[in-house]
**Q** 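Shown below is the structure under consideration.
Read the numbers this way: they start at 1 and go in the same order the structure lists the ligands and their atoms.
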Amino acid sequence: MPAIVVLGAQWGDEGKGKATDLLATTEKIDFVVRTSGGHNAGHTIVVNGEKFATHLLPSGILTPGCTAVIGNGVVVSPEALFRELDALAGRGVDVSRLVVSADAHVIASYHQTIDKVTERFLGKNKVGTTGRGIGPAYADKVARVGIRVADLFDEEILHDKIEGSLDVKNQVLAKVYNRRAVSVDAVVDELLAYVDRLRPLVADTSLLLNQALDRGDTVLFEGAQATMLDVDHGTYPFVTSSNAVAGGVCTGAGIGPTRIDRVIGVIKAYTTRVGSGPFPTELFDEDGERLWKIGGEVGVSTGRDRRCGWYDAVIARYASRVNGLTDLFLTKLDVLSSWEKVPVCVAYDVDGVHHEEMPMTQTEFHHARPVYEHLDGWWEDISACRTFGALPANAQAYVRALEEMSGTPIWGVGVGPGREQILSVPR
Ligand code: GDP
Ligand code: IMO
Ligand code: MG
């Protein structure tokens, strides 16, 4: 299996870090690659009880012998990059095997400023972004006024590009947002400060990865964000600004679709979401509070509480379809122990009309009311189970029911945050 994609099937925080780490440590993975998003991600890996979180870096940085790659589709804040590298190095992690695409776009401090003022300006309509400058950096990329990593190596070009990029922004900052204009020289200096450290990391990562695949190396593409946060296929406009679906891997890494052998969708046994936007199975009652508490549902990047709700099979089917999932990895099944009945959303009622698939329009999705099937729960603590057969019968039936509803085989089940807390599902 030379090219494997791991991505989020819901609204993020499904346990992609854990799934990636699991594959990187159990199969021989040569490269772990990020292809979209930036340091808005927060991926948790628990190794021998010790917790690590990666944001911009691929989780593979924690696996000895694995090369971590930041692909061209990622937006890179040099400040965040070196802060994260230094923090991991300080904990004894070997961070020497990192490669960054010369074509990746750069997040400078002004992107973060614009992210924050735009959100404030939106008021109650805000997206609830992570405030990391992700959207403004992607907006510049598409508007063709972005700064790319390679631009940092030519001071004259860098100056010209930043000047061009700030031309209109400074007018908007001053006249619309009542903010001080950003100095071109200050931004040039801010970015040049990272050049010496950045230079040895930079490469043509598309060439590197295609050559690796030609050699028969195994490459793991670690998704960030998730299907429902994808700018095309998610709950627009309450989304991130990149393509988090499987298709984004090709553009974000510079590999062809025919290269990809396996697409794993990571999905929680219930649902969470951070930030604004529609969420049909969201709970506002004691059950929601219990999921939040037992699941420890607090964001890794921003520390915000995650909104919690029941599993949504309509979304699982949708994620299977738009990503061409070959399998699912179901996480956090352990959190569901102690419910008499576990509701699962099997369809939506949209103003009296029954929908088994995602409604076509945003308005319909905002009106979607979940139609629940109530599956039998279980009481046992399952966190020590290591085989599927060791799970209580109702927990096994829950997994099989989800598999049936999504139409995609479940390859593995997580029963705790640890690397070893996983079981494979017999076919
Ligand atoms: P990611 O962004 O998709 O990598 O996910 P996050 O790291 O943001 O959030 C997932 C959280 O669930 C982390 O705290 C993980 O340690 C934890 N986790 C992952 N798998 C399991 C599981 O099977 N059971 C439990 N209880 N926690 C898990
Ligand atoms: P991982 O990879 C959960 C959400 C934000 C906000 C929206 C847009 O850990 O699953 P942005 O800063 O990207 O412009 O914010 O997307 N968001 C995430 N939610 N997990 C993430 O990453 C997220 N990355 C962005 O909360 O609603
Ligand atoms: Mg996360």
Side-chain angles (χ1 to χ4, degrees), residues 6-22 34 36-47 49-56 58-59 74-75 77 107 111-112 114-116 118-119 126-139 222-231 234-242 244 265-279 291 294-307 329-337 381-383 385 412-423:
V6 169
L7 54 79
Q10 296 159 318
W11 276 284
D13 306 324
E14 298 91 348
K16 297 177 289 294
K18 176 179 164 154
T20 303
D21 175 64
L22 178 77
R34 278 281 307 273
S36 66
H39 63 304
N40 48 348
H43 297 180
T44 316
I45 300 102
V46 182
V47 186
E50 200 184 344
K51 196 165 167 173
F52 292 90
T54 60
H55 299 280
L56 174 58
S59 304
V74 176
V75 281
S77 154
I107 301 183
H111 292 116
Q112 198 162 332
I114 293 167
D115 195 351
K116 288 184 175 156
T118 316
E119 282 282 273
K126 69 176 184 186
V127 176
T129 71
T130 59
R132 304 281 153 88
I134 306 294
Y138 278 117
E222 177 182 1
Q225 290 74 56
T227 306
M228 301 308 285
L229 290 172
D230 180 276
V231 68
T235 46
Y236 191 90
F238 301 102
V239 292
T240 192
S241 301
S242 62
V266 186
I267 196 158
K268 267 181 202 173
Y270 51 98
T271 313
T272 64
R273 168 162 212 176
V274 197
S276 321
F279 177 2
L291 287 174
I294 304 170
E297 295 297 351
V298 176
V300 185
S301 264
T302 57
R304 289 181 291 174
D305 285 343
R306 296 174 182 151
R307 301 154 63 190
F329 180 65
L330 184 74
T331 59
K332 297 197 136 178
L333 186 67
D334 51 304
V335 174
L336 293 182
S337 292
D381 176 356
I382 59 171
S383 60
C385 293
V413 175
V415 291
R419 229 179 219 177
E420 68 298 340
Q421 289 177 297
I422 181 221
L423 24 110

**Q** Closest approach of Ile114 and Pro136, non-hydrogen atoms and distance?
**A**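 That closest heavy-atom pairing would be CG2-CG, 4.0 Å.
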**Q** Applying a heavy-atom cut-off of 4.0 Å, say which part of Asp334 lies close to ligand 1: side chain, backbone, both or neither.
**A**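 The part of Asp334 near ligand 1 is the side chain, not the backbone.
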**Q** Quick one, Gln10 and Ile267 - any side-chain contact, counting heavy atoms below 4.5 Å?
**A**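 They are in contact (side-chain heavy atoms under 4.5 Å apart), so the answer is yes.
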**Q** Relative to ligand 1, is Lys18 under 4.0 angstrom through side chain, backbone, both or neither, heavy atoms considered?
**A**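 Side chain only.
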**Q** I'd like to check whether Gly131 has a polar contact with ligand 2, where a contact means an N/O of the residue lying under 3.5 Å from an N/O of the ligand.
**A**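 No, there is no polar N/O contact under 3.5 Å.
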**Q** Distance under 4.0 Å to a non-hydrogen atom of Val274: what atoms of ligand 2 satisfy this?
**A**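 Answer for ligand 2: 26 (O), 27 (O).
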**Q** Out of Gly414, Gly416, Gly15, who is nearest to atom 21 (C) of ligand 1 when you count heavy atoms only?
**A**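 Looking at heavy atoms only, the winner is Gly416.
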**Q** What atoms of ligand 1 come within less than 4.0 Å of a heavy atom belonging to Gly17?
**A**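 Close to Gly17: 4 (O).
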**Q** With only distance considered, is Asp13 within less than 3.5 Å of ligand 1 through an N or O on each side?
**A**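 Yes, since at least one N or O of Asp13 sits under 3.5 Å from an N or O of ligand 1.
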**Q** With a 4.5 Å cut-off on side-chain heavy atoms, are Val300 and His43 touching?
**A**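 No, too far: nothing below the 4.5 Å cut-off.
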**Q** What about Glu14: any of its N or O atoms under 3.5 Å from an N or O on ligand 2?
**A**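 It does not: no N or O of Glu14 is found under 3.5 Å from an N or O of ligand 2.
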**Q** Output yes when the distance from some N or O of ligand 1 to some N or O of Lys16 is under 3.5 Å, and no in every other case.
**A**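 Yes; the residue has a nitrogen or oxygen that sits under 3.5 Å from a nitrogen or oxygen of the ligand.
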**Q** If every non-hydrogen atom of Ser301 is compared with every non-hydrogen atom of His55, which pair is closest and at what distance?
**A**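 Nearest heavy atoms, Ser301 then His55: OG-ND1, 2.9 Å.
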**Q** Nearest protein heavy-atom contact for atom 20 (N) of ligand 2: which residue, which atom, what distance?
**A**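 Answer for atom 20 (N) of ligand 2: Asp13 OD1, 3.2 Å.
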**Q** Just checking, is any N or O donor in the side chain of Thr130 or Arg132 under 3.5 Å from an acceptor N or O on the other one?
**A**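 Judged by distance alone, the side chains do not pair up.
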**Q** Which heavy atom in Phe329 sits nearest to a heavy atom in Val413, and how many Å separate them?
**A**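 Closest approach of Phe329 to Val413: CE1-N, 4.0 Å.
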**Q** What I'd like to find out is whether the side chain of Val231 reaches to under 4.5 Å of the side chain of Tyr138, using heavy atoms alone.
**A**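 Val231 does not reach Tyr138 side chain to side chain.
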**Q** Is there side-chain contact between Trp11 and Thr235, with heavy atoms separated by less than 4.5 Å?
**A**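 Trp11 vs Thr235: side chains touch.
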**Q** Please work out which of Asp21, Thr44, Thr54 has its closest non-hydrogen atom nearest to atom 13 (C) of ligand 1.
**A**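 Nearest heavy atom to atom 13 (C) of ligand 1 lies in Thr44.
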**Q** For atom 13 (O) of ligand 2, what is the closest protein heavy atom, and at what distance to 0.1 Å?
**A**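 Result for atom 13 (O) of ligand 2: Thr240 OG1, 2.6 Å.
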**Q** For Trp11, take its heavy atoms, then give the atoms of ligand 2 lying under 4.0 Å from any of them.
**A**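 Near Trp11, meaning under 4.0 Å from one of its heavy atoms, ligand 2 has 3 (C), 19 (N).
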**Q** List every atom of ligand 2 that sits less than 4.0 Å from any heavy atom of Val127, numbering the atoms from 1 in the order shown and giving each element.
**A**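 It comes down to these atoms of ligand 2: 8 (C), 27 (O).
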**Q** Please determine whether side chain to side chain contact (heavy atoms under 4.5 Å, CB included) holds for the pair Val415 and Leu423, giving the CA-CA distance in whole Å, both sets of side-chain angles, and the decisive distance to 0.1 Å.
**A** CA-CA 8 Å; Val415 291; Leu423 24 110; 4.0 Å; yes
**Q** With a 4.0 Å cut-off on heavy atoms, is Ser241 in contact with ligand 2?
**A**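 It does not; every heavy atom stays at 4.0 Å or beyond.
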**Q** Taking it one step at a time, do Asp13 and Thr272 satisfy side-chain hydrogen bond (donor to acceptor under 3.5 Å, both in side chains)?
**A** CA-CA 8 Å; Asp13 306 324; Thr272 64; 5.1 Å; no
**Q** Side chains of Leu291 and Glu297: closer than 4.5 Å at any heavy-atom pair?
**A**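 No, too far: nothing below the 4.5 Å cut-off.
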**Q** Contact between ligand 2 and Lys16 is defined here as a heavy atom of the residue under 4.0 Å from a ligand atom; is it met?
**A**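 Within the 4.0 Å threshold, so yes.
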**Q** Please report which non-hydrogen protein atom sits nearest to atom 15 (O) of ligand 2, along with the residue it belongs to and the distance in Å to one decimal place.
**A**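 Here the closest protein heavy atom is Thr129 CA, 3.3 Å.
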**Q** Provide the number and element of each atom of ligand 2 under 4.0 Å from a heavy atom of Gly275.
**A**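 This gives 27 (O) as the contact atoms.
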**Q** May I ask you to check whether Asp115 has an N/O atom sitting below 3.5 Å from an N/O atom of ligand 2?
**A**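 No, no N or O pair falls under 3.5 Å.
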**Q** Please identify which atoms of ligand 2 are closer than 4.0 Å to at least one heavy atom of Arg304.
**A**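 Taking each heavy atom of Arg304 in turn, ligand 2 has 5 (C), 26 (O) under 4.0 Å.
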**Q** Does Gln225 come within less than 4.0 Å of ligand 2, judged by its heavy atoms?
**A**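 Yes, Gln225 has a heavy atom closer than 4.0 Å to ligand 2.
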**Q** Could a heavy atom of Gly12 be found less than 4.0 Å from some atom of ligand 1?
**A**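 It does not, in that no heavy atom of Gly12 comes within the 4.0 Å cut-off of ligand 1.
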**Q** Side chain, backbone, both or neither: which applies to Val300 and ligand 1 if a contact is any heavy-atom pair less than 4.0 Å apart?
**A**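 Answer for Val300: side chain.
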**Q** So, is Gly42 placed with an N/O/S atom under 2.8 Å from the Mg ion (ligand 3), counting both backbone and side chain?
**A**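 Yes, Gly42 qualifies, because one of its backbone or side-chain N, O or S atoms lies under 2.8 Å.
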**Q** Tell me, do Arg273 and Pro278 make a side-chain contact under 4.5 Å, heavy atoms counted?
**A**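 Yes, at least one pair of side-chain atoms sits under 4.5 Å.
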**Q** Enter the distance from His39:NE2 to Gln112:CD here, rounded to the nearest 0.5 Å.
**A**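 Output value for this atom pair is 5.5 Å.
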**Q** Checking Ser59 against Glu222 for the side-chain hydrogen bond (donor to acceptor under 3.5 Å, both in side chains) test, could you report, in this order, the C-alpha distance in whole Å, the side-chain angles of both residues, the deciding distance, and whether it holds?
**A** CA-CA 8 Å; Ser59 304; Glu222 177 182 1; 2.5 Å; yes
**Q** List every atom of ligand 2 that sits less than 4.0 Å from any heavy atom of Val239, numbering the atoms from 1 in the order shown and giving each element.
**A**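 It comes down to these atoms of ligand 2: 7 (C), 8 (C).
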**Q** To which of Leu229, Ile134, Val266 does the heavy atom nearest atom 17 (N) of ligand 2 belong?
**A**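 Nearest heavy atom to atom 17 (N) of ligand 2 lies in Leu229.
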**Q** What do we get for Arg306 next to ligand 1 when only non-hydrogen atoms under 4.0 Å count, side chain, backbone, both or neither?
**A**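 Under 4.0 Å from ligand 1, Arg306 contributes side-chain atoms alone.
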**Q** For Ala137 and Ile107, which heavy atoms make the closest approach, and how far apart are they?
**A**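 Nearest heavy atoms, Ala137 then Ile107: CB-CG1, 3.8 Å.
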**Q** For the residue pair Lys126 and Ser276, what are the closest heavy atoms and their distance?
**A**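 Nearest heavy atoms, Lys126 then Ser276: O-OG, 2.8 Å.
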**Q** Does any part of the side chain of Asp381, heavy atoms only, come nearer than 4.5 Å to the side chain of Ser337, both counted from C-beta?
**A**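 Contact flag for Ser337/Asp381 side chains = no.
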**Q** Quick one: does ligand 2 sit under 4.0 Å from the side chain of Arg132, the backbone, both or neither, non-hydrogen atoms only?
**A**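 Near ligand 2, Arg132 shows nothing, with every heavy atom at 4.0 Å or more.
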**Q** For ligand 1, indicate whether the residue Val415 contacts it via side chain, backbone, both or neither (heavy-atom separation under 4.0 Å).
**A**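 Backbone only; the side chain of Val415 stays clear of ligand 1.
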**Q** Which ligand 2 atoms are under 4.0 Å away from a heavy-atom of Gly128?
**A**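 Those qualifying, in numeric order: 5 (C), 6 (C), 26 (O), 27 (O).
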**Q** Looking at every heavy atom in both Val6 and Ala19, which two are closest together, and how far apart are they?
**A**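 Looking at all heavy atoms of both residues, the closest pair is CG1-CB, 4.1 Å.
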**Q** When you measure from the Mg ion (ligand 3) to each N, O or S atom of Asp13, which atom gives the shortest distance?
**A**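 Restricting Asp13 to its N, O and S atoms, the minimum distance to the Mg ion (ligand 3) goes to OD1.
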**Q** Taking side chain as C-beta onward, heavy atoms only, is Thr54 less than 4.5 Å from Ile45?
**A**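 They are in contact (side-chain heavy atoms under 4.5 Å apart), so the answer is yes.
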**Q** Mark up the atoms of ligand 2 that fall under 4.0 Å of a heavy atom belonging to Ala224, in ascending order.
**A**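 So the atoms of ligand 2 that pass are 2 (O).
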**Q** Tell me the protein heavy atom at minimum distance from atom 12 (O) of ligand 2, and give that distance in Å.
**A**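 In this structure, atom 12 (O) of ligand 2 has Thr130 OG1, 2.6 Å as its nearest protein heavy atom.
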**Q** Do ligand 2 and Ser276 have nitrogen or oxygen atoms that lie under 3.5 Å from each other?
**A**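 No, no N or O pair falls under 3.5 Å.
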